[in-house]
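Structure, as structure tokens:
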Amino acid sequence: MVNTRAKIKKTNNTNKICFSQASTENSNHQSTQSGDLIGSNDDLLTEILLRLPVTSILRFKSVSKHWQWLLSHKPFTLLYDNLSKSPGLFVRNIYIPFNIENQSTPPVRSLDFYFDLCGIRIVQSCNGLLLCCSDRGSERSRKYYVFNPTTKQFAIIPSVPGGQNVRKTIRFMGLAFHQTDCLHYKVVCIRSVERYRELFQIHIYSSYTGKWKISSESFSADYFTPFWYGVYWNGAIHWAPSCRNPLYFKIEDEQLQTLPLPAKLASSEGYYDGAMPMYFGESRGHMHLVDTANGENHLHLIVYEMMSDYSGWFVKFQVELDDLPGAFPEMINSYLHPSSPYYYQFNVIDVVRGENEEDTFMVVRIPGKLIRYNVHDKSFKQIFNLTTYFSFPESHSNVHRYTETLTSF
């Protein structure tokens, strides 16, 4: 009698092995087909890549020449920049993330090692690009740079023509850049035609031509008019209201216009003698101005938003910071009377609109700390201890939001 059991078992095992190998090969073949399908379909590949963090996008540029082309091509960079986020800000030259629980990879931890032996400071941030300048020295010898902290690219801005006698009269340098309406960045310079005179001239540098030109729009203003905190929005540079007739400059038309004030502020003659709103800036295409709601409770704030046609401001948010002093008693000046406008020590240094309305928050500076405050649910948390790096309070001029952009120049 022939024993066939072992043969049958061996045959069954062989069949299983063959079937398993065939399944694996089939699966690998299907995976390869899927990979080839995705890799050969730019539309599908774009949809996937748009969902990745900027650090992955920069790394994937080295995958192949085709990926390098796709990820550097203007249609993709525009789509990506429209979806990009503002994950943090620079206080002086130190990067601080907004989300301390889920921190993204910082663009650079510090800017101190870049460009200039004199050190650099950030003058302005504008939709992902930073306008920087030499940190030390007089205006006549100062150098200016445009830097993209996402791609680590930078460009040196040529000096305003006319030599040192012109450069020493510079009163303002500001950056204009947007991925759709100002793709080639511009730098706007305001200088006094003669020192201690009330006539001012506007110069415009274009990264497209690589040259400066003098605008036909000259204007008269008090010599001591503070051209501070230039904000690019809606195709124009706006200056924080700090005088009776605040201005903005439409870049393409090269026209100066008067910036309207919220009705409540306009009725009280607005800002003058150097007084300024608590905050003035832009986020996700919205221009904001923040001031106190009334003269009694300085913790109650109004966030105004400008209409896109400049027809006026409307109240976007009403914010009450009543819970902050209990959590952070160091913001109370106990030697002052509670009715004093300086009883609470705090500044609003940023208003960040969320992708969803309920995610909008303020960044509030109190002595030694930065606080993130949600304007909808009133939740708040400390995001940075300023005393770790800085021995004195930081002003609004030293704080600049970081926005991811893949723009190259």
Side-chain angles (χ1 to χ4, degrees), residues 23-90 95 97-99 102-111 113-115 125-132 145-156 175-186 206-210 283-285 352 354-356 359 400-409:
S23 299
T24 302
E25 290 173 359
N26 186 47
S27 176
N28 290 338
H29 181 65
Q30 290 176 343
S31 298
T32 302
Q33 284 184 322
S34 300
D36 290 342
L37 176 63
I38 295 172
S40 62
N41 188 326
D42 283 353
D43 291 338
L44 182 57
L45 186 59
T46 296
E47 286 298 317
I48 295 172
L49 293 171
L50 285 173
R51 290 162 170 77
L52 298 180
V54 68
T55 49
S56 298
I57 297 298
L58 296 174
R59 189 167 62 250
F60 287 164
K61 283 187 175 184
S62 61
V63 168
S64 67
K65 289 183 178 180
H66 179 68
W67 281 41
Q68 167 73 24
W69 171 84
L70 178 66
L71 298 178
S72 303
H73 202 42
K74 186 185 295 185
F76 178 83
T77 59
L78 286 176
L79 285 171
Y80 192 87
D81 285 355
N82 286 335
L83 297 172
S84 65
K85 300 177 176 62
S86 296
L89 47 76
F90 287 98
Y95 176 72
F98 288 139
N99 192 338
N102 184 23
Q103 298 184 19
S104 58
T105 303
V108 288
R109 296 189 182 280
S110 171
L111 301 182
F113 57 89
Y114 279 95
F115 321 140
S125 61
C126 185
N127 295 307
L129 301 186
L130 302 177
L131 178 64
C132 306
Y145 311 87
V146 171
F147 176 52
N148 183 339
T150 301
T151 63
K152 309 300 188 293
Q153 287 181 298
F154 75 94
I156 300 173
L175 182 63
F177 167 73
H178 193 273
Q179 292 83 352
T180 55
D181 61 27
C182 190
L183 186 57
H184 300 285
Y185 68 80
K186 296 181 179 180
S206 169
S207 63
Y208 182 72
T209 63
S283 180
R284 286 186 177 267
V352 183
E355 187 173 352
N356 300 311
D359 297 327
H400 305 276
R401 191 188 312 139
Y402 165 63
T403 302
E404 298 169 342
T405 178
L406 295 174
T407 297
S408 298
F409 47 81

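Only this structure's heavy atoms are used, side chains among them; waters, hydrogens and symmetry mates stay out.
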**Prompt:** Under 3.5 Å, is there a donor-acceptor pair between the Tyr185 and Ser206 side chains?
**Reply:** no
**Message:** Which residues pass the side chain to side chain contact (heavy atoms under 4.5 Å, CB included) test with Thr151, not counting sequence neighbours?
**Reply:**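 For Thr151, the residues satisfying side chain to side chain contact (heavy atoms under 4.5 Å, CB included) (neighbours in sequence not counted) are Leu58, Asn148, Gln153.
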**Prompt:** Who pairs with Ser56 by side chain to side chain contact (heavy atoms under 4.5 Å, CB included), at least two apart in sequence or on another chain?
**Reply:**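 Result, side chain to side chain contact (heavy atoms under 4.5 Å, CB included) vs Ser56: Leu52, Pro53, Arg59, Phe60.
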**Asked** For the residue pair Val352 and Arg401, what are the closest heavy atoms and their distance?
**Response**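 In this case the closest contact between Val352 and Arg401 is CG2-NE, 4.0 Å.
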Would you mind reporting whether [Y] and [X] have side-chain heavy atoms less than 4.5 Å apart?
X      : Y      : answer
Leu129 : Thr405 : yes
Leu49  : Leu70  : yes
Val146 : Phe177 : no
Leu130 : Pro149 : yes
Tyr95  : Pro87  : yes
Phe147 : Leu131 : no

**Message:** Just verifying a value: how many Å separate Cys126 SG and His400 NE2, rounded to the nearest 0.5 Å?
**Reply:** 12.5 Å
**Asked** From Trp67 CH2 over to Phe76 CZ, what is the distance, rounded to the nearest 0.5 angstrom?
**Response** 10.0 Å
